[in-house]
Amino acid sequence: MTSIEDSKTRGYKYIVLHHTATQKCMSAEEMKMSMFYTWVQNKGFQYIPTHYIVGCSWDFVKVNDMELVVWATLNPEANRNGVHIEIVGDFNIDKPNDAQYEMVNQLIQWILEKHPDMEIKGHWDFQPKNCPWVNFDWSRIKTGVVKEDVEKKEVKQDKITFSLSRYYSVLPDQSRYY
């Protein structure tokens with residue numbers, strides 16, 4: 001875990017895109033509650049490890065200030081120098097909708113206005129994890145940075161390993177999640 005003190009070494013090199021690996025498409029606020037329940041209440045973190053969440057219905061929520069170093073990956077370089085955006089959905093199975101691409105692009109452009117030299121990366125650029133994955137269309141991300149072809153970075157994971165990487169818990173009003 002990190003703390004406010006760690007933010008003194010903060011850099012702005014990357015905007016790192018993630019997917020939540022949840023099959024239920026929910027709003028950004030609902031996902032924030034689910035992540036709070038998982039990371040803060042159940043796992044004892046001081047905060048939810050992301051900066052922004054983009055929901056399924058043209059919405060996003062700010063989770064932490066960009067100045068805070070969040071430990072969203074297992075890679076310290078990505079964490080100390082990245083602004084992390086979670087996109088609700090499991091892009092191994094489904095595709096983001098048009099509203100999600102539009103909201104991600106607006107959010108990226110807003111971040112780039114403040115820090116114009118940042119590169120757009122996927123979680124999998126920093127550790128072997130299918131995040132975001134095959135159904136995420138990088139050509140729909142509007143930036144000056146050309147994204148490498150996703151097939152060149154393919155990570156082999158078996159079904160058991162992948163299912164263990166899904167880390168969100170049910171919301172208080174849900175009996176289960178997928």
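Source: prediction; values computed, not measured.
- In this structure, Ile15 and Ile85 approach most closely via the heavy-atom pair CG2-CD1, 3.7 Å.
- Judged by distance alone, with hydrogens and angles left aside, the side-chain atoms of His123 form no donor-acceptor pair with the main-chain N or O of His19 at under 3.5 Å.
- Within the structure, every pair that satisfies the side-chain hydrogen bond (donor to acceptor under 3.5 Å, both in side chains) test and touches residues 55-65, not counting sequence neighbours, is listed here: Lys62-Asp65.
- The CG atom of Asp94 lies 14.0 Å from the NZ atom of Lys24; values are rounded to the nearest 0.5 Å.
- Linking ILVMFWY side-chain heavy atoms closer than 4.5 Å, directly or via other members, places Leu17 and Met66 in a single hydrophobic cluster.
- Contact annotation: the side chain of Tyr47 never approaches that of Met35 to less than 4.5 Å [non-hydrogen atoms, C-beta and beyond].
- Proximity of Arg80 to Trp71: side-chain heavy atoms (C-beta onward) are separated by under 4.5 Å at one or more points.
- Counting only heavy atoms from C-beta outward, the side chains of Gln100 and Cys56 approach each other to under 4.5 Å.
- Taking both residues in full, the closest heavy atoms of Ala72 and Pro49 are given as CB-O, 3.3 Å, listed atom of the first, atom of the second, then distance.
- With contacts defined as side-chain heavy-atom distances shorter than 4.5 Å, the pair Thr20/Asp90 does not qualify.
- Sorted by first and then second residue, the salt bridge (Lys or Arg N to Asp or Glu O under 4.0 Å) pairs with a member in residues 69-78 read Lys13-Glu77; sequence neighbours excluded.
- Taking every heavy atom of both residues into account, Arg10 and Asn79 meet most closely at NH1-O, 3.9 Å.
- The two residues Val61 and Glu29 make their nearest non-hydrogen contact at CG2-OE1, 3.5 Å.
- For the residue pair Gln109 / Glu113, no side-chain donor-acceptor distance below 3.5 Å is found, with atom types taken as modelled.
- Between the Asn105 side chain and the Lys142 main chain, a donor and an acceptor come within less than 3.5 Å of each other.
- The salt bridge (charged side-chain N to carboxylate O under 4.0 Å, His left out) check on Asp117 picks up nothing, with sequence neighbours excluded.
- Looking at heavy atoms from C-beta onward, Trp124 lies in side-chain contact with Pro132 at the 4.5 angstrom threshold.
- Linking Ile, Leu, Val, Met, Phe, Trp and Tyr whenever their side-chain heavy atoms come within less than 4.5 Å leaves Val16 and Tyr12 in two separate clusters.
- Residues Lys129 and Thr73 have side chains not in contact (no heavy-atom distance under 4.5 Å, counting atoms from C-beta outward).
- Taking the six-membered ring for Trp and thresholds of 30 and 60 degrees, His51 and His84 have nearly parallel ring planes, at less than 30 degrees apart.
- Residues Tyr14 and Val54 do not share a hydrophobic cluster, defined by chaining ILVMFWY side chains whose heavy atoms lie under 4.5 Å apart.
- A 4.5 Å side-chain heavy-atom check between Asp98 and Arg140 finds at least one atom pair inside the cut-off.
- Residues Ile87 and Val134 are members of one and the same hydrophobic cluster, defined by side-chain heavy-atom contacts under 4.5 angstrom among Ile, Leu, Val, Met, Phe, Trp and Tyr.
- A centroid separation of less than 6.0 Å is found between the aromatic rings of Tyr101 and Phe136.
- One hydrophobic cluster, built from ILVMFWY side chains closer than 4.5 Å, holds both Val63 and Val88.
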